[in-house]
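All chains are named by letter (A, B, ...) in the order of the sequence lines, taking the proteins before the strands, and each is independently numbered beginning at 1.
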Amino acid sequence: MDYNFLKIEKKWQNFWSTHKTFKAHDQSEKSKYYVLDMFPYPSGAGLHVGHPLGYIASDIIARFKRHSGFNVLHPQGFDSFGLPAEQYAIQTGQHPSKTTTTNINRYRQQLDRMGFSFDWDREVRTSDPNYYRWTQWIFLKLFDAYYDLQANKALPIFELINRFEKEGNLNVQAHCDKDTPLFDAHQWNAYESDKQQKILLFYRLTYLSETQVNWCPALGTVLANDEIVNGVSERGGHPVTKKKMRQWSMRISAYADRLLNDLDELDWPDSLKEMQRNWIGKSRGASIYFQIENSSETIKVYTTRPDTIFGVTFMTLAPEHQLIKKITSVDQQKAVADYIARIAHKSDRERQSDVKTISGVFTGAYALHPFTGLPIPIWIGEYVLSGYGTGAVMGVPCGDQRDFDFANHFNLSIINIFDGVDVSKAAFSEKENIKLIHSDFLNGLDYKAAVEKVIAELELKNYGIGSVNFRLRDAVFSRQRYWGEPIPIYFKGDIPVPLNEQYLPLKLPEVEKYIPTEDGKPPLGNAKEWAWDEINEEVVSIDRIDYRSVFPLELNTMPGWAGSSWYFNRYMDSQNQMQWLSDDAMEYWKEVDLYMGGSEHATGHLLYSRFWQKVLFDLGYTNSKEYAKKLVNQGMILGNSAFIYRKKGTLTFLSKGLIGKYEVEPIHVEVGLINSQDELDLEAVKIWQKDFQQAEFILENGKYIVGREVEKMSKSKYNVINPDEICDKYGADTLRMYEMFLGPIEQDKPWNTAGISGVHNFLKKFWRLFYQNDHCLVTEDSPSAESMKVLHQTIKKITDDIERLSFNTCVSTFMICINELTTLKCSNKTVLEPILILLSPFAPHFCEELWQQLGHPKSIEFEPFPVFDPSKVEETTKEYPVSFNGKMRFKIKLSLEMGVEEIKQAVMKEQRTLDQIQGSRPKKIIVVPGKIINIVI
RNA sequence: GCUCGGAUGGUGGAAUUGGUAGACACGUUGGACUUAAAAUCCAAUGACCAUUGCGGUCGUGCGGGUUCAAGUCCCGCUCCGAGUACCA
């Protein structure tokens, strides 16, 4: 019997799938354990060895928990709406659902080969109408809710309407648009229904509004902030500009404080929590009102440094500020208009890349300092952002570097208000250990005391108010795409009307083209059947919108993060046709116990999904306000790219060592064409790409040596390692163990195929404890004390290490264990059986096979995990290192039962010790039982 | 700039609470078996010095400190990575 991994793995994968071994049961005596992976987007390129890293880790936990007696939910699915399938559709005319299905099937095949213990009966696909029906349902729940600041939670919108009817909105404290008008009950009841609906949009948790959006002309769609990286689109790297559009948004800003505070109770990586904290960006400070000279208008500024109020020498408004038109003096009007026009032409990217240049213009107007009454010139400056705070800042050049630079550039005055500080060259922006001067009633105070005092004063005199600000913006929810969830809304005029939930799912219509219409409408504008008939309650042809009861449906679709913001709940009850989730399933599964995924979702998916969970919690649809108590970020497996070097402007390629002073262009080559000595296979490269047939390769020592660089694994960099190839050559169990062995799970690490033999040899070595030359070695004799000791040391180490997710050390422990048992020639059933159970989460097929060979009729999957027995590893003696002043000199074997005093006496009797001390008495003897003896002399 | 991580042999990495640094694996070298190769097994492998025999010195990015004892704790740097970026 050889270790025939191909045969074994196929056999057990079939066994597991026909027996539905990993089916999770909704009712069980056992405690539940929910292990979740971030579900993949099924791209056309298939999986590479980096993708399954997190899945392997979570699978080990899932299997370990099953052995430990838990009813484990370990589901998987596909985030199957998205841009690549749509772009492929645009190019080829093939329906995205077809591409998606093909890709999913390929993913499924690859995943199955690795022996994951997923419960595929619960699979979800975000593009499946049976799934997105509930995504649409959640959208309607958000549409029908508002955020009440008194209750500090979302409430149904009808409660708000009731209040409006009784008392208007004068006493309503709710999270709403800042331009929301005030009205009393009488006014409200007198409003036309359309006007009432428009006002309600200011309150709804998902709402339509005219917003400045990030428009990507190349993709023809709007992007959220987290979909933009360095001013260009995350996908494709296309430029992004600003555009005003009527868009759906999600009022996530209402939840900023709770999203921030609840982070404290989550067992998530600190770095990830920190990223979310920064993204939410809470800051404390004050809003201060500045009266404008000779005008009734006031300008509100937000500052985190109200203590520096006496350092104010000017004020700057964002170019988009509404008051600019009103306050600009006659003689400055042209200059201001020119400036604003110039800024408006700049794209976001230009504005971002050019932060060094200082630009601005004087409005000709002055504001009055609230305390001194002195006039302060009002400027307009590009560096002030309209989106943050009030879009206006007070300029304190002595305390803020940007204000300082601005003041210097335009020759504005600078007052120093910090004691003993030189502000002639740069601003002083530190807060600690400094006292204020030239600051009237704040003189002599430090930062903390001054802030407190000035806010009290501002509030007393009604010049301002202490306030809190967030960086977090509402999330734009409309996408001008085809391949996404339709938004269940139709329009009567410009009033959005929600579809009643009984008509869900609102299925994606068929279209002829997947591109925007000629008049610039989203792709759904191409659909013929895309109007809602209120009377017949069905989707009908758009030709009928002239009929009284037929109205156009929303043409935008939902963004990629919609479907992924709640899928973890659906797994608990994925086949339910009546509800998004039954109460029983929710009651039993509660929330995710371990969520495994990449940190790249920190400010996207992981924030949006927390937001939706909180809304659903407030509205009573779930009883967990956080859906994942523990989260682990697996690192990335990086590729080891290979480069050849083309002499600039030629077809000549220089081996790495010959580049010298030549100007060369590095070009990626397929890593499969490189041997372990970094030598390029010249024949193969010419077959690989025809372009190289004409090329001349200059060799060193008869070889072409490539350059190497560690980068992200990607098809375009030709550094992809396909897991199928590894499975063919070494088997899935080797791949699983090797990926765990590469390093700590949360770390990025480069893939290196060369190292895999170590793990593969381990499995073969272990196999040889069972079989050699077709001969079974396993005996039922009672094992030696040494082998029992090896076993129990292993049990302890593995149990501890799995609990703390240190899988790389687990693999090492197994290797040590098998090396020792090999040395001991131990093939006792009593020892080998528990090791199979220990190892089975890592190498499941391998262990199942041997488990069966040992005569067990049932699968290994639910065997109880072996329990550590300390008595088996107990030692009576131990070698203690004896050191003098911390330096180790010799070892001494002593009984473990000795007390500290006995050990001291025994050590002092040692001849060598006495030699060391040479007559002088030791100052101190330190004994840590079981660890160390140190003699201070 | 700010925030958060890192830095240990030729390489990936161990060292869980301050207690024999370098486990385990790759790679390299030498050996056994073999006609040969593969496979397998054995030995050596941080650096330097001493090796006929023990052995010794230095070593966890750099400079200090605390301690009988520091990869681990404290202070000050350097470099690398990630996130974020006119956020007032």
Candidate nucleotides [options], ranked by approach to the side chain of [X] - the nearest:
X        : options                : answer
A:Ser757 : B:rG27, B:rA88, B:rU40 : B:rG27
A:Asp801 : B:rC4, B:rC24, B:rU16  : B:rU16
A:Val936 : B:rA15, B:rC68, B:rU84 : B:rC68
A:Val384 : B:rA88, B:rC24, B:rG13 : B:rA88
A:Met815 : B:rC87, B:rG13, B:rC24 : B:rC24
A:Phe741 : B:rG12, B:rU84, B:rG19 : B:rG12
A:Arg471 : B:rC87, B:rA88, B:rG13 : B:rC87

Strictly below 4.0 Å: does [X] bring a side-chain N or O up to OP1 or OP2 of [N]?
X        : N      : answer
A:Tyr388 : B:rA88 : yes
A:Asn469 : B:rC87 : no
A:Gln401 : B:rC86 : no
A:Lys764 : B:rU40 : yes
A:Asn752 : B:rC26 : no

>> Test your reading of the model: is there a side-chain donor-acceptor pair from A:His369 to the backbone of A:Ile309, 3.5 Å cut-off?
In response: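 Looks like yes, one N/O pair under 3.5 Å.
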
> Of A:Asn819 and A:Asp270, whose nearest nucleotide on RNA chain B comes first from the 5' end?
Replying inline: A:Asp270

> Taking for each residue the nucleotide of RNA chain B with the nearest heavy atom, is it A:Ser883 or A:Tyr738 whose nucleotide lies nearer the 5' end?
Replying inline: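 Of the two residues, A:Ser883 wins.
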
> How far apart are the closest heavy atoms of A:Asn719 and A:Gly639, and which atoms are they?
Replying inline: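 Taking A:Asn719 first and A:Gly639 second, the nearest heavy atoms are ND2-CA, 3.8 Å.
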
> How far does the C1' atom of B:rC58 sit from the matching atom of B:rA21, given to the nearest Å?
Replying inline: 14 Å

>> Please report the distance separating the C1' of B:rG30 from the corresponding atom of B:rG65, rounded so that it comes out in whole Å.
In response: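 Roughly 47 Å separates the two C1' atoms.
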
>> What verdict does the side chain to side chain donor-acceptor pair (under 3.5 Å) test give for A:Ser806 and A:Asp801, after you've listed the backbone C-alpha separation in whole Å, the side-chain angles of each residue and the deciding distance to 0.1 Å?
In response: CA-CA 5 Å; A:Ser806 178; A:Asp801 286 354; 4.8 Å; no

> Is A:Leu607 close to A:His601 at the side-chain level, that is, under 4.5 Å between some pair of heavy atoms?
Replying inline: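 A:His601 vs A:Leu607: side chains apart.
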
>> Just checking A:Phe846 against A:Tyr3, ring centres under 6.0 Å apart?
In response: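 Yes, ring centres under 6.0 Å apart.
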
